[in-house]
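Step one of this worksheet: look at the structure below.
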Amino acid sequence: MPSRILAALLVFVFVWPAVAQDGHREQIVRLPGPGGATLLANVARPPGDARQPLVVINHGSPADGSQRARMTPPRFATLSSWFLARGYVVALPLRRGYGESGGGWAEAYGRCDTPDYYSAGLQGAADIQATIDFMRTQPYVASDRTIVVGQSAGGWATVALSSLNPPGVAGMVNFAGGRGGHQKLPGGGLGNCTPAALVQAAARYGATARVPSLWIYAANDSFFGPDLAGRMAAAYDAAGGKADYKALPAFGRDGHSLAGSESGVSLWTPLVESFLAGLR
């Protein structure tokens with residue numbers, strides 16, 4: 001047995017709690033991450049013991065870094081329920097340096113005026129890949145047809161992962177992905193740190209990405225507005241990536257919250273359903 005898989009089995013023990021009302025089972029688990037770190041994750045699986053496709057749903061990063069230590073394994077209850085109802089095993093990792101997940105925070109991008117968004121995204125992508133690798137050692141997870149979904153910094157890490165074309169990943173969904181939003185700018189206001197650097201990093205990812213991806217942004221996203229989102233998607237595509245960019249109308253008070261809101265399901269469901277259907 002490969003040493004990586006043996007280590008994973010030693011770290012991780014599943015003891016499923018009582019079955020929920022809709023029949024799915026949930027548990028917070030520990031799994032091996034990059035550099036020997038241990039990641040926490042929420043894992044939920046639909047009824048039955050047959051192998052089911054996996055979806056990995058990835059959280060954002062607070063604009064105020066002091067909040068990272070207080071984060072708990074994400075739930076994304078609406079997104080998770082949506083995928084569970086369609087027969088997916090759902091894994092929601094808490095990446096390195098967030099809450100009780102081990103390791104130092106790996107996703108720093110440096111100075112606001114000279115950010116390295118490219119490398120920061122790849123660090124998040126490494127945690128997503130570690131989650132995929134571990135979950136595929138479980139007897140109820142299919143080795144192919146995996147979907148990766150991310151919101152905000154998790155969406156950016158998802159885009160970064162697309163540049164590596166991970167085997168067995170059929171498609172990716174990026175909700176409001178990006179980095180450097182809501183930061184204090186040299187002039188004293190709040191805004192995005194060097195948005196042109198996001199566009200450049202998106203192009204670098206797109207140069208090697210061949211996995212189909214769906215990019216969803218709302219018109220009133222206060223972190224990554226429609227102009228910036230459109231420029232990122234266009235740069236990614238022009239470099240060779242396969243982004244299906246969808247600009248939605250304004251949602252609620254801030255469209256950045258779309259993926260985590262129950263009231264947003266009706267907006268993104270037709271887009272995600274169509275995208276998934278096209279992968280088969």
Side-chain angles (χ1 to χ4, degrees), residues 4 7-8 11-12 26-44 54-77 79-80 83 89-110 115-137 141 146-164 166 169 172-183 198 201 205 213 223-224 256-257 259-260:
R4 183 179 63 181
V11 169
F12 179 93
E26 298 183 29
Q27 180 65 292
I28 293 178
V29 302
R30 296 178 183 272
L31 58 92
T38 298
L39 307 182
L40 272 67
N42 265 320
V43 175
L54 172 70
V55 62
V56 181
I57 301 176
N58 302 285
H59 64 81
S61 182
D64 179 357
S66 67
Q67 297 178 18
R68 290 195 298 269
R70 296 192 291 272
M71 290 177 63
T72 57
R75 290 190 61 83
F76 280 102
L79 266 172
S80 296
F83 277 99
V89 174
V90 180
L92 302 102
L94 186 66
R95 299 189 300 278
R96 283 171 291 165
Y98 294 92
E100 294 183 8
S101 278
W105 186 52
E107 299 173 13
Y109 51 74
D116 184 359
Y117 294 133
Y118 178 80
S119 297
L122 290 175
Q123 290 291 337
D127 290 17
I128 301 173
Q129 185 65 64
T131 304
I132 294 171
D133 290 343
F134 177 75
M135 291 303 300
R136 286 182 179 164
T137 68
V141 174
T146 296
I147 301 298
V148 179
V149 179
Q151 190 267 340
S152 194
W156 187 248
T158 297
V159 173
L161 182 64
S162 76
S163 72
L164 305 178
V169 173
M172 303 187 176
V173 182
N174 160 30
F175 281 98
R179 294 298 307 277
H182 280 210
Q183 297 300 305
L198 277 176
Y205 294 145
S213 59
F223 282 73
F224 313 109
H256 199 64
S257 66

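- Counting all heavy atoms, side chain and backbone alike, G181 lies closest to A63 at O-CB, 4.1 Å.
- Between the S80 side chain and the A77 main chain, no donor and acceptor come within less than 3.5 Å of each other.
- When atom types are taken as modelled, the side chain of D116 and the backbone of Y109 share no donor-acceptor pair closer than 3.5 angstrom.
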**OP:** Show your reasoning for whether side-chain contact (heavy atoms from CB on, under 4.5 Å) applies to D64 and H182.
**Re:** CA-CA 9 Å; D64 179 357; H182 280 210; over 6 Å; no
Show me the donor-acceptor pairs, under 3.5 Å and distance only, between side chains in residues 148-156 and residues at least two apart or in other chains.
residue	atom	partner	partner atom	Å
Q151	NE2	H256	O	2.9
S152	OG	H256	NE2	2.9
W156	NE1	Y117	O	3.0

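- The CZ atom of R70 sits 5.5 Å away from atom CD of Q67, with the distance rounded to the nearest 0.5 Å.
- Applying the salt bridge (Lys or Arg N to Asp or Glu O under 4.0 Å) criterion to R75, with sequence neighbours excluded, gives E26.
- To the nearest 0.5 angstrom, T131 atom OG1 is 5.0 Å from L31 atom CG.
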**OP:** Quick one: do T158 and M172 satisfy side-chain contact (heavy atoms from CB on, under 4.5 Å)? Show the steps, please.
**Re:** CA-CA 7 Å; T158 297; M172 303 187 176; 3.6 Å; yes
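- The salt bridge (Lys or Arg N to Asp or Glu O under 4.0 Å) contacts involving residues 89-106 comprise R95-E107, R96-D127, where partners must be two or more places apart or lie in separate chains.
- The distance from the CG atom of L92 to the NE2 atom of H59 is 9.5 Å, given to the nearest 0.5 Å.
- Taken from CZ in F223 to OG in S257, the straight-line distance is 10.0 Å, to the nearest 0.5 Å.
- Contact detail for A41 and P73: the closest heavy-atom pair is C-CB, 4.4 Å.
- Among all heavy-atom pairs drawn from F224 and G177, the shortest one is CD1-O, 3.9 Å.
- The shortest distance between side-chain heavy atoms of F76 and V90 does not fall below 4.5 Å.
- Side-chain N or O atoms of S101 include one that pairs as donor or acceptor with a backbone N or O of L40 at under 3.5 Å.
- When only modelled atom types and interatomic distance are considered, R179 and S61 share no side-chain donor-acceptor pair under 3.5 Å.
- Residues V43 and M135 meet the side-chain proximity criterion, which asks for heavy atoms closer than 4.5 Å.
- Of the inter-residue distances, the one linking L161 atom CG with N174 atom CG reads 12.0 Å to the nearest 0.5 angstrom.
- The minimum heavy-atom distance linking A125 with A157 is given by the pair CB-O, 3.6 Å.
- The closest side-chain heavy-atom distance from T38 to P32 is not below 4.5 Å.
- Annotation: the span from L54 atom CG to F83 atom CZ amounts to 10.5 Å, rounded to 0.5 Å.
- Counting heavy atoms from C-beta outward, P74 and I57 have side chains that stay 4.5 Å or more apart.
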**OP:** Check the pair Y98 / T72 against side-chain hydrogen bond (donor to acceptor under 3.5 Å, both in side chains), numbers first and verdict last.
**Re:** CA-CA 8 Å; Y98 294 92; T72 57; over 6 Å; no
